[in-house]
> 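Questions regarding the structure given below will be posed in turn.
Since we're looking at a predicted model, the values are computed, not measured.
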Amino acid sequence: MPLHRGAHPHQDEPSEEQRRLALNPFYGEADPTAAMNTAPPRHRLPDGPLPPLTAYRLVHDELMLDGNSRLNLATFVTTWMEPQAGVLMGECRDKNMIDKDEYPRTAELERRCVAMLADLWNAPDPATTVGCSTTGSSEACMLAGLALKRRWAKRNADRYPSTARPNLVMGVNVQVCWEKFCNFWEVEARQVPMDGERFHLDPQAAAELCDENTIGVVGILGSTFDGSYEPIADLCAALDALQERTGLDIPVHVDGASGAMVAPFLDPELVWDFRLPRVSSINTSGHKYGLVYPGVGWALWRTADELPEELVFRVNYLGGDMPTFALNFSRPGAQVVAQYYTFLRLGHDGYRAVQQASRDVACGLARSVEELGDFRLLTRGDELPVFAFTTTSDVHAYDVFDVSRRLREHGWLVPAYTFPANRQDLSVLRVVCRNGFSSDLAALLMEDLKTLLPELRAQKHPLSHDRGVATAFHH
């Protein structure tokens, strides 16, 4: 969650006159004049209650100023589900996921989801694979990182914590949750920088950063910067060779926040999952290409041995013992139920159809952008249904930040951002194609982009001079 301060330092409460006019008189259904005296303050609790419909309309009207989530091409998060899924979620929003004994069927649906994912990700024995639901991939990554650190600490009990400092190897393109993990749990982050047209981790470079204090290597199946898959099999091969030379046995965690729900259906020949013996754990976001509203994630370990027992808490479950592993305690069961509904609703063939449609839209839109002549594609949407592009070298009148700003005027949220270490010179736009972003919407986006280009080309220079705000943007 983002941190927020209280009242804005230079923003006072509205005056009595402003408050009087803050509510539509018709909000007072029985007496229109009554509503004109009920608008509440904004930065302190009101003195008394409001009618429920009045409170609803106040909040509803303010939220109209948010962007349209369906037109948000920045986020990976699901923005559309079937009405039936919404009904199920409404029926389960009051169920606390941690109360396994009070809600045994919800707990059972969670267990089934873990089993389905273990089978989908080719666990050697899905019956012995352990896993849990989380609030999203960020929590799932924290749990996976904790398991890696605790296993390393047990192997190095004679050196840690007195002399040894653990490290985690990853590409510089990792999602920010991995930097949080290293910060919060005092692990050194060793990052492989980008190089030229390589925008993610290089397996050999990652292996060279490993030593006796390395708790693991993170591979990203679907980089948020450009939508590309990292070569997980090549990474494992490089670590196999490292073990042969040095004896160091370094586990791999696959951050499949998006790709773990795309590759099994569209790229079944790609070996990235538990088929690789070095892959110790995998996470995904159910609320991304798992096709569920936020927030639900999943973390799975190859076997129970990969998850140290001392990290697992146990609660009473139907008079028995229910192990749990989570950073959060109370959270709603609605998203877990929605995940199970979606698994049942779509099945393997349904997921393949949905993800293929998103990829087809992404590839088609990427080709259309390239045909405009002003842009160069970094990726084409043929891995994750995501592509990144920048302006060509002969475009000097505008930049990607100008494009992003002008598209926002038409309702489209297309992020522009700079790349990290070794490629800070590169600024790009990124388009995420999710279920619900149809070819019709893609055509409308192209129409708006074509309309804007003559005006952008007529500029004397790019208008985005403040590079201080052009920081990396990735969900």
> Is any side-chain heavy atom of V431 closer than 4.5 Å to a side-chain heavy atom of L73?
yes

> Do W272 and V252 come close enough that some side-chain heavy atom pair is under 4.5 Å?
no

> To the nearest 0.5 Å, what is the distance between CG on D202 and CG on L235?
9.5 Å

> Closest approach of Y293 and T79, non-hydrogen atoms and distance?
CE2-C, 3.8 Å

> Are V428 and V400 packed together at the side-chain level, in the sense that at least one heavy-atom pair is separated by less than 4.5 angstrom?
no

> Check whether more than 12 heavy atoms from other residues, nucleotides or ligands sit under 6.0 Å from atom CD of E62, and answer yes or no.
no

> Please check this pair: side chain of D402 against backbone of D399, looking for a donor-acceptor N/O pair closer than 3.5 Å.
yes

> Can any side-chain N or O of R198 pair as donor or acceptor with the backbone N or O of P193 at less than 3.5 Å?
yes

> Using a 3.5 Å distance criterion without hydrogens, assess whether the side chain of R430 forms a donor-acceptor pair with backbone atoms of T224.
yes

> Report yes or no: do E188 and N213 form a side-chain donor-acceptor pair below 3.5 Å?
no

> Identify the two heavy atoms, one from P231 and one from H200, that lie closest to each other, and give their separation to 0.1 Å.
CD-NE2, 3.9 Å

> One thing to verify: whether R423 and E197 come together as a salt bridge, which I'm taking to mean a side-chain N less than 4.0 angstrom from a carboxylate O.
yes

> Please determine whether the number of non-hydrogen atoms from other residues, nucleotides or ligands lying under 6.0 Å from atom CZ of R408 exceeds 12.
no

> How about R93: does its CZ atom have over 12 heavy atoms from other parts shown lying under 6.0 Å from it?
no

> Given the rule in the side-chain contact (heavy atoms from CB on, under 4.5 Å) test, do V254 and L276 qualify, once you have shown the distances and angles that lead to the verdict?
CA-CA 11 Å; V254 178; L276 297 167; over 6 Å; no

> With side-chain contact (heavy atoms from CB on, under 4.5 Å) as the criterion, how do V114 and L300 come out once you've worked through the C-alpha distance, each side chain's angles and the decisive distance to 0.1 Å?
CA-CA 7 Å; V114 168; L300 270 69; 4.3 Å; yes

> Check D267 with R359, please: is the shortest side-chain N to carboxylate O separation under 4.0 Å?
yes

> OG of S138 to CG of L143: how many Å apart, nearest 0.5 Å?
11.0 Å

> Please check if any side-chain donor atom of R278 sits under 3.5 Å from a side-chain acceptor atom of Q243, or the reverse.
yes

> CD of E110 to CE of M97: how many Å apart, nearest 0.5 Å?
3.5 Å

> Hey, mind stepping through V386 and T379 against side-chain contact (heavy atoms from CB on, under 4.5 Å) and telling me if it holds?
CA-CA 8 Å; V386 175; T379 47; 5.9 Å; no

> Which atom pair, heavy atoms only, marks the closest approach of V174 to I220?
CG1-CD1, 3.8 Å

> Could you report the tightest heavy-atom contact between T284 and S137, atom names first, then the distance?
C-OG, 3.1 Å

> Nearest 0.5 Å, please: how far is CH2 in W185 from CG in L146?
5.0 Å

> Can you find a pair of side-chain heavy atoms, one from L463 and one from R405, that are under 4.5 Å apart?
yes

> Name all residues meeting the ring-ring contact (aromatic ring centres under 6.0 Å, His included) criterion together with W301; count only those two or more places apart in sequence or in a different chain, and write none if there are none.
F325

> Scan side-chain atoms only and decide if S133 and R331 contain a donor-acceptor pair under the 3.5 Å cut-off.
yes

> Please examine the side chains of R352 and L266, heavy atoms only from C-beta on, and report whether any two atoms are closer than 4.5 Å.
yes

> Quick one: which residue pairs count as a ring pair (Phe, Tyr, Trp, His ring centres under 6.0 Å) with a foot in residues 132-166, not counting sequence neighbours?
W152-Y160

> Return the CZ to CG distance between F343 and L120, rounded to the nearest 0.5 Å.
7.5 Å

> Only one of F401, F419, Y417 clears side-chain contact (heavy atoms from CB on, under 4.5 Å) with S427; which?
F401

> Measure the spacing between CG of D66 and CG of L413 and express it to the nearest 0.5 Å.
10.0 Å

> If you measure only the distance, is there a donor-acceptor pair under 3.5 Å linking the side chains of Q356 and D360?
yes

> Is a side-chain N or O of E306 found less than 3.5 angstrom from the main chain of R302, in a donor-acceptor match?
no

> To check you understand the geometry: which heavy-atom pair defines the closest contact between V217 and L168, and what is its length?
N-CD1, 4.3 Å

> Step by step, work out the ring-ring contact (aromatic ring centres under 6.0 Å, His included) result for F389 and F375.
CA-CA 6 Å; F389 59 101; F375 303 104; 5.3 Å; yes

> Sub-3.5 Å donor-acceptor pair from the side chain of Y351 to the main-chain atoms of G290, do we have one?
yes

> Looking at F313, is its backbone amide N or carbonyl O close enough to the side chain of T324 to form a donor-acceptor pair, meaning the two atoms are under 3.5 Å apart?
yes

> Sub-3.5 Å donor-acceptor pair from the side chain of H287 to the main-chain atoms of V77, do we have one?
no

> Check whether any side-chain heavy atom of L117 sits under 4.5 Å from a side-chain heavy atom of M261, and report yes or no.
yes

> Quick one: closest heavy-atom pair of P203 and A238, and the distance?
O-CB, 3.8 Å

> Do we see a donor-acceptor contact under 3.5 Å between the side chains of Q175 and D255?
no

> Could R367 and E370 be called an ion pair, given the rule that one side-chain N must be under 4.0 Å from one carboxylate O?
no

> Whether the side chain of T342 engages the backbone of A338 through a donor-acceptor N/O pair (distance < 3.5 Å, no angle test) should be reported.
yes

> Are L346 and Q355 packed together at the side-chain level, in the sense that at least one heavy-atom pair is separated by less than 4.5 angstrom?
no

> Could you work out, with ring-ring contact (aromatic ring centres under 6.0 Å, His included) as the rule, every residue matching Y340, not counting sequence neighbours?
none

> Is there a donor-acceptor pair closer than 3.5 Å between any side-chain N or O of W121 and the backbone N or O of A260?
yes

> So, does S280 use its side chain to make a donor-acceptor pair with the main chain of H253 at under 3.5 Å?
no

> Looking at side-chain heavy atoms only, is the closest gap between L445 and L71 below 4.5 Å?
no

> Scan side-chain atoms only and decide if N435 and S358 contain a donor-acceptor pair under the 3.5 Å cut-off.
no

> How far apart are the C-alpha atoms of N173 and E230, what are their side-chain angles, what is the distance that settles it, and do they pass the side-chain contact (heavy atoms from CB on, under 4.5 Å) test?
CA-CA 10 Å; N173 58 304; E230 289 192 333; 3.2 Å; yes

> Take D211 and R190 through the test salt bridge (charged side-chain N to carboxylate O under 4.0 Å, His left out) and record every step on the way to the result.
CA-CA 11 Å; D211 58 25; R190 294 187 175 178; 2.8 Å; yes

